[in-house]
Every structure is written in structure tokens, then in C-alpha cells.
Amino acid sequence: MIKINLLPKTINQKVILRNTALAFAGGLAAIIVGGVVFGLSLKAKADAELTEALRVEAQQARVQGLQSAAASVLGKVAALDAKLKFMDAVLKYNEEYPKLYAAVAKWTYKNVQYTSMTSDGARVTMTATVKNLDDLGRYMLNMYQARDLFTQVSIDSVQGGSLAQASAGGAPPMPGGPMYTPATPSGPGSMAGIGAITTGVARAPGLQDWIAFSVTCTLRQPITGPSFNGTGWTPVGGAAGGPGMPGAMPGAPQYPQGGPPQTGPGYPGYPQAPGGPAPLPRGPAG
Amino acid sequence: MSLSKLKRIHVIIIGSFLCVAAGVGMFFLLIKPQQDAYALYLDRYNKAYVLGNDDQERKAQDDLRQAYVRADNTQQMYDVQMRQRMPDLDFEDRELGMLSWWREVTKTLDPLLNSFAKDNGVANVQVNFQMPALPYTPNDSLFDQDVIVIPLGSVSASGNFKSLMNNIKRWNRCSRLVMLESAPTLAGSSPNLTVNYPVRCIIFPRAKGGARIDMAAAGAAGGAPGAPGAPPMTMAPYQPPPGAAGRPPGP
């Protein structure tokens, strides 16, 4: 049987075109609907994130408010706190020198008689007398042991003229500190320096049996006066220089008849270094 | 245009173009703005979360409580120190403040320090305290300072080592804040030592000077020459009257 299509060709083509157009229209609609749905879902997500961000930002503002309140509370008393700290520092500073002098007295050999002691905050300078070089040597050895107190100990002549002095080995110099030159090639702690001391001391005038000398000790922890941040206050003390020793010795020292007191060194009341061959006080290891 | 003239390829091209255009349009009009907004909100969240969380809020509340406690403690300690060591000087009102300062220097500070310097634990106490010059105008810059420093002079005393050291430390018990100006100098042979040290007095006014006073107007109104009994209007250092209490014997 023969099938004969009597319809015109255009009818079939129109159907195809219509179907194709419908397919694209469907696809277009799907794209639009899908885009809208996806966009709405994203908007919901973004809105949720916005809500969270606003909540967290509100909490952040609360925290910042608390922090600024705390800072404000502390700021109101900051000036008082500075004054309070300064007052405490002054009270502490007033006790620094007595503590220092007491510490020096602790390390002082008992047969040494101090005739003056002063400090500029960075160094302690003492003039003293001893009866013989043995006592002087023991005294110097004691001072060299005070490494927790001093970084350098040097002995100077009381007499005028050149004060270029002999220094015996002992406390090593601090890095960056003043140059330290041992009197002998021997290492720190060597007793060979004692011999050199004889060139640096002088016999006390009028007292042939006594040796007068001065010792300068560089402090490991310099003492500086407190300063206040406010106006009208100039920091004092420190290495700016103390009063030196004006009037420290009105006339010649009054040496007791018959030599120094046998009961102890110049400044009693504090534990003293034992005399004679007994073990000397030890500074911290190092 | 009649549909009959379109061929299938035309429909495909047009349909594809429309689909692509719709997709691109949807992306840029709907999706991308939401994505950008989401990223922006997420960034805000992340930035705010550093502080905006419960732990930080609790910590901030604790810090605030501690700040109140610390401020309270500081205030109390400050009040104690001020009561113990400072005069009640308020320069907010300059005229009253100046009178207060005069009273403090002449009637309190000078006798107090001289009296306190007399230490029974040592001998031969010698003080050479010099009180500051009294300001003659309430507009003096003295009243604008946070802190007033008075170099008093030096103290010397005799005794043994321990008593002299105690004499130095004793200034911490004075009812004014007195500070060593430099290191004490020891001289002599124990137990007959002599110590010499300069001191200075430090005073914190409760309030600095307020608004300056128009002195020209005051002068036009009659110019009060000074309150009766007030110290002379001079910049010379204050000299206490002879025989003032508390003045230790001179050298």
C-alpha cells in the first residue's frame, strides 16, 4: 500500500519550528525561574548572615563600650596612679643609700677604718685607713668578692697629684662598662695585684703607721632618683653627680690612739667580714 | 514577520541567545548582588566576631569590674598618702589657694620640717632649710604646677653608723614627702660619724590653679595691698620669726 502525504510541506515544518520554539521558551522559563529561585535562596542566606553580623556587631559594640568604660575608669585615676607610684618610688629611693652603705659595710674588712663615704649613684667612693698592707690586701680581696654589688673596684691615692692608680684583679668589667685594666697579667681574683697597690697608696700625714687610701667602687645597679611625669619636676640623682666629698673630712681624721678599734671596722652594727686568716665572705659565684 | 519564513536554525539561534541573555541577566541582576551581599555580611561578621563573642564580653565585664576595683584601690591609697604626706592645697580658686600656700609654708611646713629634723637618735642635728619665696600674686606660675618641688637644703647629724642610716630613713615617716636630693656623705670615724645630705620637699596640690584673675580690674577697684597678717609681698625667701617653734639650734 502506498502512503501518499497530500499535506503541504510547510505544515510539517511549522510544527517543527513551533516545537523548537516551545522548547527554547521552556528552557528560557526554566532559566528565569531557576535564577529567581536561586537568587531568592541566596537572598535568604545573605539576610540570615546580615542578621548574624548585626547581632555580632551589636555585641562588639557592647564589648567596646565595656572596654572604653574600663579605660575611662582607669584613665580617671591614671594621674593619681602616677603620683602614687612616684611617692612610693621616693620612699624607696630614700632607703637606697642607707642600704647601699650597709651593704658596703658588710663587705668591709674589720681592720679597715673608713673616714668618709659618698656616692654619686653610679659609684661609691670611700676614704679609709689601714695599719698595714696586709689589712689593705684583705680589704681589697673582700671588696672584689662583692660582685653582686660592684662591677669594678679601684684603689686611689688620698694624696694629691696623679691619681692614676693600681687596680688589682677581681671583679671583671661589665660589657660596655668602664675599661678595666688589671695591674698584672694575672687573671681575675689574682692576688698579684696587691703588690701593685703599694704604688697607689700613701702614708697618712702625721700618722706614720697608717696607710690612707681611697677606693672607688662602680655599682652594678646604679641608683637613680625617681622622676615624675608631670611638669615642674626635674629628675634628680643618678649619674648626674652627687655632692662629692665636700667637707667630708674636716681636717685630718681623728685616728684613735693606738690604732683602729679592735672591735670591728669603721661602721659597726652590721655583720662584718671576719679578720685574720679566717675565710673571707664570699660574693655570688661568677 | 511571518513564522513561516523562519527556519529551524533561526529559532535555535534566537532561542539560544535569549537563554544565554536570560541566564546572564539573572546572574548579574539577581545572583551576583546576593552573593556580594552575602560575602560582605560574612566579612562584617568575621570582623565583628573578634570582639563580638560571649567570651570577649565576659572578659570585658571582668575587666571593667577589675578596673573599678583597681581605681577604687588607687583612689584609697592615694587618699591615704595625700592625708599622710600632703597638705590640703586646692588652687582652683587662686586667691584662696595663695592664702593656703602662705599658711602651709609659714605655719606648717617650716616648723614641721625643722621639728621633724630633730632626731633624738643622733646628735648635733643641723638643718639649713630654706623655705621658698612666697608668691605675691595669685596668678603666679607656682599655682599652675602639678607638683611643687622645694629644695630645702641640707641636714647634717652625728652618731654611729646605724643611727645615721636610721636618721636618713626616718624622713619616710615625715608627714610631708621629703626626698634625698643626692647621696648622703659620711665622714669621720665610727662611732663619731657625721652625715650630710640635701633634701627636697615634694608637694602635690589637690587641684591646679583655675582661671587667672584679672589683676588690672582688681587694682582699679582699690588694689588690696595684702591680707592683714599675711607675709610681706616680696619674692624674698620666707624667713621664720625669731624663736619660731621647731627650729633646732644653730651650729
Side-chain angles (χ1 to χ4, degrees), chain A residues 10 16-17 20-21 24 27-28 31-32 35 38-39 42-43 45-46 49-50 52-53 56-57 59-60 62-63 66-67 69-70 73-74 77 80-81 83-84 87 90-91 94-95 97-98 102 113 115-119 228 230-233 236-237 242-243 245 248-249 253-254 266-269, chain B residues 3-4 6 8 11-12 15 18-19 22-23 26 30-31 34-35 37-38 41-42 44-45 48-49 51-53 56-57 60-61 63-64 67-68 70-71 74-75 77-78 81 85 145-149 160-162 165 168-169 171-172 177 179-187 189-190 202 204:
Chain A
T10 54
I16 293 171
L17 283 176
T20 305
F24 274 104
L28 185 63
I31 288 171
I32 292 172
F38 185 58
L42 276 181
K43 185 174 188 307
K45 195 176 169 185
E49 193 62 40
L50 175 62
E52 274 297 294
V56 171
E57 283 175 347
Q59 195 170 22
Q60 180 195 31
R62 281 199 305 275
V63 171
L66 291 170
Q67 288 178 335
V73 168
L74 292 177
V77 295
L80 306 186
D81 197 38
K83 291 178 183 175
L84 195 60
M87 285 191 261
V90 167
L91 299 181
N94 284 346
E95 297 189 350
Y97 285 108
Q113 179 109 3
T115 51
S116 76
M117 183 185 293
T118 189
S119 171
F228 181 65
T231 57
W233 170 256
V236 297
M245 296 163 45
M249 282 302 299
Q254 299 300 309
Y267 303 140
Chain B
L3 194 64
S4 62
L6 287 176
R8 194 184 180 197
V11 173
I12 290 172
L18 287 176
C19 286
M26 296 301 292
L30 279 178
I31 296 172
Q34 297 304 329
Q35 285 179 332
Y38 178 78
Y41 299 150
L42 185 63
R44 281 173 57 179
Y45 176 86
Y49 189 76
L51 285 179
N53 59 68
Q56 290 294 328
E57 190 166 1
Q61 287 170 344
D63 289 347
L64 181 59
Y68 276 119
R70 187 177 159 196
T74 301
Q75 183 71 52
M77 288 190 291
Y78 178 76
Q81 289 282 13
R85 303 186 188 281
Q145 297 179 11
D146 283 327
V147 53
I148 299 172
V149 181
N160 61 38
F161 180 74
K162 196 167 185 177
M165 295 300 105
I168 297 169
K169 291 189 280 190
W171 284 103
N172 281 356
L177 185 62
M179 176 181 171
L180 261 65
E181 202 162 334
S182 61
T185 300
L186 278 172
S189 300
S190 182
I202 299 159
F204 288 115

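Throughout, protein chains are lettered first and strands after them, A, B, ... in sequence-line order, and every chain is numbered starting at 1.
Taking 4.5 Å as the limit, every side-chain heavy atom of A:Gln67 sits out of range of all side-chain heavy atoms of B:Asp63. Put simply, the side chain of A:Val56 does not reach to within 4.5 Å of the side chain of B:Leu51, judged on heavy atoms. The side-chain heavy atoms of A:Val90 and B:Arg85, taken from C-beta on, include no pair separated by under 4.5 Å.
Using a 4.5 Å cut-off between heavy atoms, B:Ile31 touches chain A through backbone and side chain atoms alike. Proximity to chain A (any heavy atom under 4.5 Å) is restricted, for B:Phe204, to the side chain, taken from C-beta onward. Proximity to chain A (any heavy atom under 4.5 Å) is restricted, for B:Arg70, to the side chain, taken from C-beta onward. Residue contact with chain B, scored on non-hydrogen atoms closer than 4.5 Å, involves the backbone and the side chain of A:Ile32 alike.
The pair A:Lys83-B:Asp146 does not count as a salt bridge, with every side-chain nitrogen at least 4.0 angstrom from each carboxylate oxygen.
In terms of heavy-atom proximity, B:Tyr41 sits nearest to A:Ala46 at CD1-O, 3.0 Å. Residues A:Thr115 and B:Ser189 approach most closely at CG2-OG, 4.4 Å, considering heavy atoms. The two residues A:Leu66 and B:Glu57 make their nearest non-hydrogen contact at CD1-O, 4.0 Å. Here the closest heavy-atom approach between residue A:Pro98 and residue B:Met165 is recorded as CA-SD, 3.4 Å. Considering all non-hydrogen atoms of both residues, B:Ala71 and A:Val73 come closest at CB-CG1, 3.5 Å. For the residue pair B:Ala48 and A:Glu57, the shortest heavy atom distance occurs at CB-CG, 3.6 Å.
Atom CG of A:Leu84 sits about 5.0 Å away from atom CE of B:Met77, to the nearest 0.5 Å. Note: A:Leu74 CG to B:Tyr68 OH = 10.0 Å, rounded to the nearest 0.5 Å.
Of the listed residues (A:Asp81, A:Leu80, A:Val77), just one forms a side chain to side chain contact (heavy atoms under 4.5 Å, CB included) with B:Tyr78, and that residue is A:Leu80.
Options A:Ala70, A:Ala69, A:Gly27 differ in how many heavy-atom pairs under 4.5 Å they form with chain B, and the most are formed by A:Ala70.
A side-chain donor-acceptor contact under 3.5 Å links A:Asn94 to the backbone of B:Leu180.
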